[in-house]
Amino acid sequence: MASKPGLVHTQDTAKSEGRRYWLMKTEPDVFSIDDLKKNKTTLWEGVRNYQARNHLTSMKVGDQILLYHSSAEVIGVAGLGEISKEAIPDPAQFDKKSEYYEPAATKEKPRWFCPEVRFVEKFKTVVTLEQIKDDPALADMLVIKRGQRLSVQPVEKKDFDHIIKMARK
DNA sequence: GCCAACGTTGGC
DNA sequence: GCCAACGTTGGC
């Protein structure tokens, strides 16, 4: 029987098929890679931007995350995470005391959602924004695009892999 | 602290 | 639907 080379699945490719890659920003003063390492997992609460929300709700278990420190002493990718649970309604939107309270949201019609992120790895040294900007191979990354403020961004696999290579150097 | 870039709100 | 005013993000 003729086989189509493109459709031959090793277990590994089967597992990683459809896996996607993301960059998620966090301010380390608020929640850092060290906090995630300590907690093991976290609900990614507080995202209040529709485009970012749409990314969050499309994430699947196993999707890989670049954890990016913004507004930090050392700005850049600090480590890796992965999606451990798909998005649920963000509990903070129902909490009147929370800065993320959303008056327009109801339990029946939640507005904001958050997945659970699991700690994977803290890089020995941060792959800095400057390094990313200086590397022509990463020229397409959204994070270095002018005016790009989205706190949840899709990342190409090649860029994800390249960042990891830089971190291991 | 500055400010460019962007998103949201609300009057019309 | 337009758009001015305002708020936020985030690097510098």
Side-chain angles (χ1 to χ4, degrees), chain A residues 20-39 41-59 63-83 87-117 119-156 158-167 169:
Chain A
R20 289 191 290 172
Y21 302 85
W22 309 92
L23 179 147
M24 295 170 89
K25 296 181 187 174
T26 181
E27 296 186 23
D29 291 348
V30 180
F31 188 84
S32 72
I33 186 88
D34 291 319
D35 295 321
L36 183 59
K37 184 175 185 179
K38 192 168 54 182
N39 296 358
T41 65
T42 190
L43 273 181
W44 207 263
E45 293 178 89
V47 173
R48 296 293 180 265
N49 169 285
Y50 289 102
Q51 207 181 336
R53 178 196 70 180
N54 294 342
H55 289 320
L56 291 178
T57 53
S58 77
M59 291 176 174
D63 280 6
Q64 303 292 298
I65 312 296
L66 297 175
L67 292 158
Y68 178 91
H69 281 174
S70 64
S71 299
E73 206 165 315
V74 183
I75 296 167
V77 179
L80 304 175
E82 71 175 2
I83 297 299
I88 61 166
D90 183 338
Q93 71 193 303
F94 306 122
D95 178 2
K96 284 201 170 77
K97 303 262 172 54
S98 171
E99 61 173 314
Y100 301 124
Y101 178 60
E102 171 60 69
T106 64
K107 301 263 179 178
E108 293 72 33
K109 272 200 112 183
R111 179 167 297 190
W112 305 113
F113 296 84
C114 53
E116 186 188 78
V117 176
F119 174 80
V120 171
E121 175 182 340
K122 178 186 177 182
F123 291 157
K124 283 206 180 68
T125 58
V126 173
V127 177
T128 65
L129 178 59
E130 200 180 4
Q131 284 176 273
I132 295 172
K133 282 180 175 169
D134 285 347
D135 195 326
L138 300 175
D140 289 336
M141 284 195 80
L142 291 177
V143 74
I144 55 172
K145 290 266 154 58
R146 183 181 166 80
Q148 177 56 264
R149 302 180 313 176
L150 253 198
S151 65
V152 180
Q153 310 180 348
V155 171
E156 300 285 334
K158 70 172 174 63
D159 294 336
F160 183 88
D161 292 341
H162 194 85
I163 294 275
I164 290 178
K165 221 182 289 172
M166 291 166 81
K169 224 176 257 169

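Proteins get letters first, then strands, A, B, ... in listed order; numbering begins at 1 in each.
The number of heavy atoms from other shown groups lying within 6.0 Å of NZ (A:Lys158) is above 12. Within 6.0 Å of CD on A:Glu130 lie no more than 12 heavy atoms contributed by other residues, nucleotides or ligands. Around atom NZ of A:Lys37, no more than 12 heavy atoms belonging to other residues, nucleotides or ligands sit under 6.0 Å away.
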Step by step, work out the salt bridge (charged side-chain N to carboxylate O under 4.0 Å, His left out) result for A:Arg48 and A:Asp90.
CA-CA 10 Å; A:Arg48 296 293 180 265; A:Asp90 183 338; 3.0 Å; yes

In residues 24-32 of chain A, what donor-acceptor pairs under 3.5 Å come from side-chain atoms, sequence neighbours left out?
from    : atom 1 : to       : atom 2 : distance (Å)
A:Lys25 : NZ     : A:Leu150 : O      : 3.3
A:Thr26 : OG1    : A:Phe31  : O      : 2.5
A:Ser32 : OG     : A:Asp34  : N      : 3.2
A:Ser32 : OG     : A:Asp35  : N      : 3.3
A:Ser32 : OG     : A:Asp35  : OD2    : 3.4

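Sorted by residue number, the members of residues 124-140 of chain A with any non-hydrogen atom under 4.0 Å from DNA chain C read A:Leu129, A:Lys133.
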Restricting both atoms to N or O, compile the protein contacts to nucleotides 8-11 of chain B shorter than 3.5 Å, with distance only.
none

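Looking only at distances, no side-chain donor or acceptor of A:Asn39 sits under 3.5 Å from a matching main-chain atom of A:Thr42. A:Gln93 places no side-chain N or O within donor-acceptor distance of the main-chain N or O of A:Ala105, the cut-off being under 3.5 Å.
Closest approach of A:Lys107 to A:Phe94, counting heavy atoms only: N-CE2, 3.7 Å.
Rounded to whole Å, atom C1' of B:dC6 lies 15 Å from atom CG of A:Leu142. The interatomic distance linking A:Gln153 (CD) with B:dC6 (C1') rounds to 13 Å, in whole Å.
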